[in-house]
Visitor: 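This is the structure I have questions about; it appears just below.
Sequence positions, counted from 1, serve as the residue numbers for this chain. Because only heavy atoms are used, hydrogens play no part in the values below, and waters and symmetry mates are left out as well, while side chains stay in. Remember, it's 1-based here, ligands and their atoms both numbered in the order they're listed.
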Amino acid sequence: MRGHVRIGGSKNAALPVLMSSLLTEKDLLVANVPHLRDVTTTLELLGRLGVQIEVDEKSVVRVNAAQVHARRAPYELVKTMRASILVLGPLLARFGEAEVSLPGGCAIGSRPVDLHVKALEAMGARVSVESGYIKAVVPSGRLRAARIVFDTVTVTGTENLMMAASLADGTTILENAAREPEVVDLADCLSSMGADISGAGTDMIEIRGRTSLGGAHHRVIPDRIEAGTFMVAGAVTKGEITLHDLNVRHLDAVTAKLRDAGAEITLGDDQLTVSMGVRPKAVPISTAPYPGFPTDMQAQFMLMNCVAEGSATVTEHIFENRFMHVQELHRMGADIELHGNTAIVRGVDRLGGAQVMATDLRASAGLVLAGLVASDLTTVDRIYHLDRGYDCIEEKLLQCGADIKRVADAALPQLRAVQ
Ligand code: EPZ
């Protein structure tokens, strides 16, 4: 594949930024919001709570939570998007009460929210679980500052607590905090709303609570996982792809791994070119919290190893069940052996096209890439997973010469290998 792709706004930055509107009664204007199913779900959830929402012609979203009348995030929305848990912190901080359905199982593991709840209890919330709902109240009326040490690095846990602490009484310290760029982007947005936060991007964040926050205008950072996915697309098809409007500094781990695989990568300020003239070399992958190798890029690199020269291990440290794509790749002729959270991948000359099924957002991206390099036709089913996190992926791939189309009826994109 050869061509140019514009990278959209980050899904995992847009969601918490939009939720932070609950912390103020003033307008929050959010630019570069990607057009994705998870964003639509977030806006629907905020709407249910009474938040006013407008999208202007430049797709800037204006959200205003002055009239919030409900404090309950219903199951039918939460079950489609576990990030709905991000309303818990802001609702407790602003209104002293919240009800959020438990997220339920997700394809990539149980995905508990115990660390969110434990930390909010440390700030004075009283939390119970009744008929599948987290019910939380703040008896004193206002959350109080606490020193919180997260047992495990949790991205949305850090985000939830940063939002809760921004209106709490006193100075909250978050230790073993997540360092992801999306956490930093939320901190930037909260600071522009008047929050007093320091240390975002490190593993210790300090938040000095305010009595209220104001409005702001915030532009969401580019999506580093969308960017990484297209970088792998360029590499596995031995082509040349230039990505525009991205933040190259957020992709160090991915760039390093692709260079190890033999790709040539040139970096500009907000653009990057991947070119690959030869078959990729297999590279070992071990996922870790940022700035380590991102778990959201594991499936894409597993695919690259499936068609690479040599063999390598892929170890998933973040989620206990994020190898659902392996069985689908097996059906395409991949040589992968699973041993607990480690996969041994031996490169084959060519995958064979097949009918495969998407299971989670990033696994489905890996299968789409597999279809680009497999012989004859691959059909990826259940791509609603894909639509949660990629905006018009087939159009962007078509622009680079891929032979891909979305089959009208049940959104079944038919893929053909690039001849
Ligand atoms: C965020 O999920 C992202 N989602 C995920 O992206 C990403 O894969 C993940 O972080 C890891 O980087 C959003 O930002 C909306 P975690 P999150 O809490 O916050 C355990 C995508 O494809 N844990 O950092 O839910 C958890 O089970 C999505 O865009 C607890 O045990 O992930 C996991 O093993 C997929 N208890 C580990 O921590 C808790 O209370 C990291 O999870 C919270 C988490």
Visitor: Would you say R82 contacts ligand 1, with heavy atoms under 4.0 Å as the rule?
Guide: yes
Visitor: Would you say the rings of F301 and F293 are close, in the sense that their centroids are separated by under 6.0 Å?
Guide: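 Yes; F301 has its ring centre under 6.0 Å from that of F293.
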Visitor: Can you figure out which of N321, L36, I318 has its heavy atom closest to atom 37 (C) of ligand 1?
Guide: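 The nearest heavy atom belongs to I318.
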Visitor: Show me the donor-acceptor pairs within less than 3.5 Å that the side chains of residues 125-132 make with the rest of the protein, sequence neighbours left out.
Guide:
| unit_1 | atom_1 | unit_2 | atom_2 | d |
| --- | --- | --- | --- | --- |
| S128 | OG | E130 | OE2 | 2.9 |

Visitor: Look at ligand 1 and say whether V153 reaches it with a heavy atom at a distance under 4.0 Å.
Guide: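 So V153 counts as touching ligand 1.
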Visitor: Output yes when the distance from some N or O of ligand 1 to some N or O of R362 is under 3.5 Å, and no in every other case.
Guide: yes
Visitor: Is it true that the NZ or CZ of R71 lies under 6.0 Å from the centre of F95's six-membered ring and within 45 degrees of the ring axis?
Guide: yes
Visitor: Which residue from I225, T152, V113 reaches closest to atom 38 (O) of ligand 1 through any of its heavy atoms?
Guide: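 It is T152 whose heavy atom sits nearest to atom 38 (O) of ligand 1.
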Visitor: For atom 4 (N) of ligand 1, state which one of L361, T42, N12 supplies the nearest heavy atom.
Guide: N12
Visitor: So, does E182 sit close enough to ligand 1 that a heavy atom of it is under 4.0 Å from the ligand?
Guide: no
Visitor: What part of T154, side chain, backbone, both or neither, has a heavy atom within less than 4.0 angstrom of ligand 1?
Guide: both
Visitor: Could you see which bit of P112 sits under 4.0 Å from ligand 1, with heavy atoms only: side chain, backbone, both or neither?
Guide: both
Visitor: Can R322 be said to touch ligand 1, with heavy atoms closer than 4.0 Å?
Guide: yes
Visitor: So for G389, does at least one of its heavy atoms come nearer than 4.0 angstrom to any atom of ligand 1?
Guide: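 G389: no contact with ligand 1 (<4.0 Å).
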Visitor: Under 3.5 Å, side chain of E182 to main-chain N/O of N12, donor-acceptor pair present?
Guide: no
Visitor: May I ask you to check if ligand 1 and L115 share an N or O to N or O distance below 3.5 Å?
Guide: yes
